[in-house]
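Presented below is the structure to which this report refers.
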Number of protein chains: 2
Amino acid sequence: MPFQDDFYKSAFSVDNVIFGFDGNNLKVLLIKRKHDPFAGYWALPGDIVQPDQDLDEGALQVLEKLTGIKDVYLEQVHTFGKVNRHPRGRVITIAYYSLIKIGEEDIRPSSFADKVEWKEIRAIESLAFDHLDIVNTCLSRLRRNVKYRPIGFELLPKKFTLTELQNLYESILEKELDKRNFRKKILSMNVLKTHNELQKGVAHRPAKLYSFDAYKYEAAKESGFVFEL
Amino acid sequence: MPFQDDFYKSAFSVDNVIFGFDGNNLKVLLIKRKHDPFAGYWALPGDIVQPDQDLDEGALQVLEKLTGIKDVYLEQVHTFGKVNRHPRGRVITIAYYSLIKIGEEDIRPSSFADKVEWKEIRAIESLAFDHLDIVNTCLSRLRRNVKYRPIGFELLPKKFTLTELQNLYESILEKELDKRNFRKKILSMNVLKTHNELQKGVAHRPAKLYSFDAYKYEAAKESGFVFEL
DNA sequence: GCAAAAGTGTTTTCATTACACCCATGT
DNA sequence: ACATGGGTGTAATGAAAACACTTTTGC
């Protein structure tokens, strides 16, 4: 019996802002709540953390239950702890975001959710609890991180074209980039692997396919290279 | 009675990495624990968060109890939640850092601490619990933030010389800076107020005194200026 | 007058930006 | 043959880096 039982009772949960990219827009996976509080509202997938469960584990499990995906980029962002953020008691929540490749998931609505849907980030207007705050905080964090860490690739299929990569950055940063400068910069970093393979079935000159080369990246990092876009 | 009572019991605390600068070195305020667990160990000041208390409030209160200081720069950094991080039960802790001006505090050892001392950051080798991790995480965060936000000033007296400011940045970033370039850059930002007042009692040419001008900074920010060092 | 830190500009170097045309494919 | 996006280089601009001497004070 832990010592704090007599002293203090409370709960903590994790909420996970799951980002995906469909080629045009940045999206977030939301659930429609079945039960009160906030029955019928869209909300972030999340859950109470078990006493024998690490926080990261909790966040990963939320994602796995919902999508079947196990290996995933996950990052803790912020802990939301306003006294009245949960109408039924004191519950603080540790917010994470994760990045997944849309299409690889196998969505399974759960006991507590009616529906699960990818929602365009710009179209999200209200959510249960303080989840809109959480989404916005995670989005700003993603925007900052994507410039300084090679994580954009987590949102694309393993093989992608440079234009796809550029579109991704443009959606996240909400800013147009110059094609030639973008390609020059990303290729000069030397963290991509070129495949001898082209796009198929497109009504124009097919693009070369690339993938992120984690090995090259680690090697470059060793010798002082810093990813920066 | 909150709904989670039957379901799950746990506690959460805040720990505060209180940074100060003595003119030469970056320091952290540590307490020496009186009681088990970790009696006799140096540790971060922290406390359990009360059920009716916001997290930020909890972190501020820890600082106020210890130093008497109320208005302070405070930032949440990360939540540490390993299952076994606390030997007596499941306690997750939300880590904050704050920046204070050394000398303005009035330290009062509390019921749970024998001693309170400023320790040089480089000299800290082991701490109670996972507090060394927490210090390191907060230090990296401070290093990043200090480059992009005008927060260095929080560690200096209201009026300071440019050399003091440069020394501060050099200690935090652990990197030497060029005097002329530093001055050029910081002055060109136009966020400092020049006083018609000089340093006193120094055995060399006395330096001009400056202070951070929050008003100028806010105005500049409005028109798109971004602080970056 | 000597020691100690304050204060001050110019040149070089490098990274970022801006910009327009030909190429390969499907229909 | 035409529509569509793929792919490519160079010049101009601006920011960062490198660098050394004179000034003012206390002792």
Side-chain angles (χ1 to χ4, degrees), chain A residues 21-25 146-148 156-157 159-171 173-211 220 223-229, chain B residues 21-25 146-148 156-157 159-171 173-211 220 223-229:
Chain A
F21 180 67
D22 69 358
N24 295 302
N25 291 295
V146 90
K147 289 172 142 180
Y148 300 108
L156 293 176
K159 297 181 185 177
F160 49 84
T161 69
L162 292 184
T163 302
E164 283 164 356
L165 187 61
Q166 184 178 342
N167 288 341
L168 170 66
Y169 276 98
E170 288 181 339
S171 310
L173 302 175
E174 293 191 323
K175 187 182 157 185
E176 302 221 322
L177 303 172
D178 179 273
K179 183 160 66 155
R180 278 180 288 193
N181 294 338
F182 178 81
R183 295 161 99 92
K184 205 190 312 173
K185 181 139 197 191
I186 202 91
L187 290 174
S188 74
M189 288 184 186
N190 215 35
V191 296
L192 295 187
K193 184 172 165 184
T194 314
H195 294 267
N196 285 329
E197 200 177 335
L198 300 177
Q199 234 181 350
K200 278 185 183 159
V202 286
H204 56 76
R205 175 173 173 181
K208 275 186 205 158
L209 292 174
Y210 294 84
S211 56
S223 21
F225 163 77
V226 181
F227 183 94
E228 195 182 339
L229 201 106
Chain B
F21 180 67
D22 68 357
N24 296 301
N25 291 296
V146 90
K147 288 172 144 180
Y148 299 109
L156 293 176
K159 297 180 185 177
F160 49 83
T161 69
L162 293 183
T163 302
E164 283 165 355
L165 188 61
Q166 183 178 342
N167 288 341
L168 169 68
Y169 276 99
E170 288 181 339
S171 311
L173 302 174
E174 292 191 324
K175 187 181 159 189
E176 301 221 324
L177 303 172
D178 179 89
K179 184 161 64 155
R180 279 180 288 196
N181 293 337
F182 179 81
R183 295 162 98 92
K184 205 187 315 170
K185 181 140 198 189
I186 201 92
L187 289 175
S188 75
M189 287 184 185
N190 215 34
V191 297
L192 295 187
K193 184 172 164 183
T194 315
H195 294 268
N196 284 330
E197 201 178 336
L198 299 178
Q199 235 181 350
K200 279 187 183 157
V202 288
H204 56 76
R205 175 173 175 180
K208 274 186 206 157
L209 292 174
Y210 294 84
S211 57
S223 22
F225 163 77
V226 181
F227 183 94
E228 194 181 339
L229 201 106

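Keep in mind the model is a prediction, meaning the values are calculated, not measured. Chain letters run A, B, ... following the sequence lines, proteins first and then strands; every chain starts at 1.
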*Is there a donor-acceptor pair closer than 3.5 Å between any side-chain N or O of A/S171 and the backbone N or O of A/N24?*
yes
*Can you establish whether the number of heavy atoms outside B/E176 located under 6.0 Å from its atom CD is more than 12?*
no
*Starting at CD of B/E164, measure out to CD of B/Q199 and round the result to the nearest 0.5 Å.*
6.0 Å
*asked:* Measuring from atom CD of B/E170 to atom CG of B/L177, what distance do you get when rounded to the nearest 0.5 angstrom?
replied: 4.5 Å
*Want to settle it: does A/A203 or B/R205 sit nearer the 5' end of DNA chain C, counting the closest nucleotide to each?*
B/R205
*Does any N or O donor sit under 3.5 Å from an N or O acceptor when you compare the side chain of A/R180 with the base of C/dA20?*
yes
*A/K175 NZ to C/dT16 C1': how many Å, rounded?*
11 Å
_Any N/O donor-acceptor pair, B/K179 side-chain to C/dG7 base, under 3.5 Å_ = yes
_Measuring from atom CZ of B/F21 to atom CG of B/N25, what distance do you get when rounded to the nearest 0.5 angstrom?_
7.5 Å
*Phosphate contact (D/dG6 OP1 or OP2) by A/T163 side-chain N/O below 4.0 Å*: yes
_Distance check needed: D/dG5 P versus A/E164 CD, whole Å only._
13 Å
*Test for a donor-acceptor pair under 3.5 Å between the base of D/dA16 and the side chain of B/D178, counting only N and O atoms.*
no
*Side chain of A/H204 - closest among C/dA6, D/dG26, D/dT4*: D/dT4
*Residues in contact with DNA chain C, drawn from residues 182-201 of chain A - heavy-atom cutoff 4.0 Å*: A/K184, A/K185
*Considering only side-chain heavy atoms of B/N181, which listed nucleotide, C/dT17, C/dA6, D/dA17, is closest?*
D/dA17
*A/K147 NZ to C/dA15 P: how many Å, rounded?*
19 Å
*Identify whether any heavy atom of B/T161 sits under 4.0 Å from a base atom; if not, whether one sits that close to sugar-phosphate; answer base, sugar-phosphate or nothing.*
nothing
*Supply the atom-to-atom distance A/Q166 CD to A/L229 CG, rounded to the nearest 0.5 angstrom.*
9.5 Å
*Rounded to the nearest angstrom, tell me the gap between atom CG in A/L209 and atom P in C/dT25.*
14 Å
*Check for a donor-acceptor pair, side chain of A/E197 on one end and backbone N or O of A/L209 on the other, with a separation under 3.5 Å.*
no
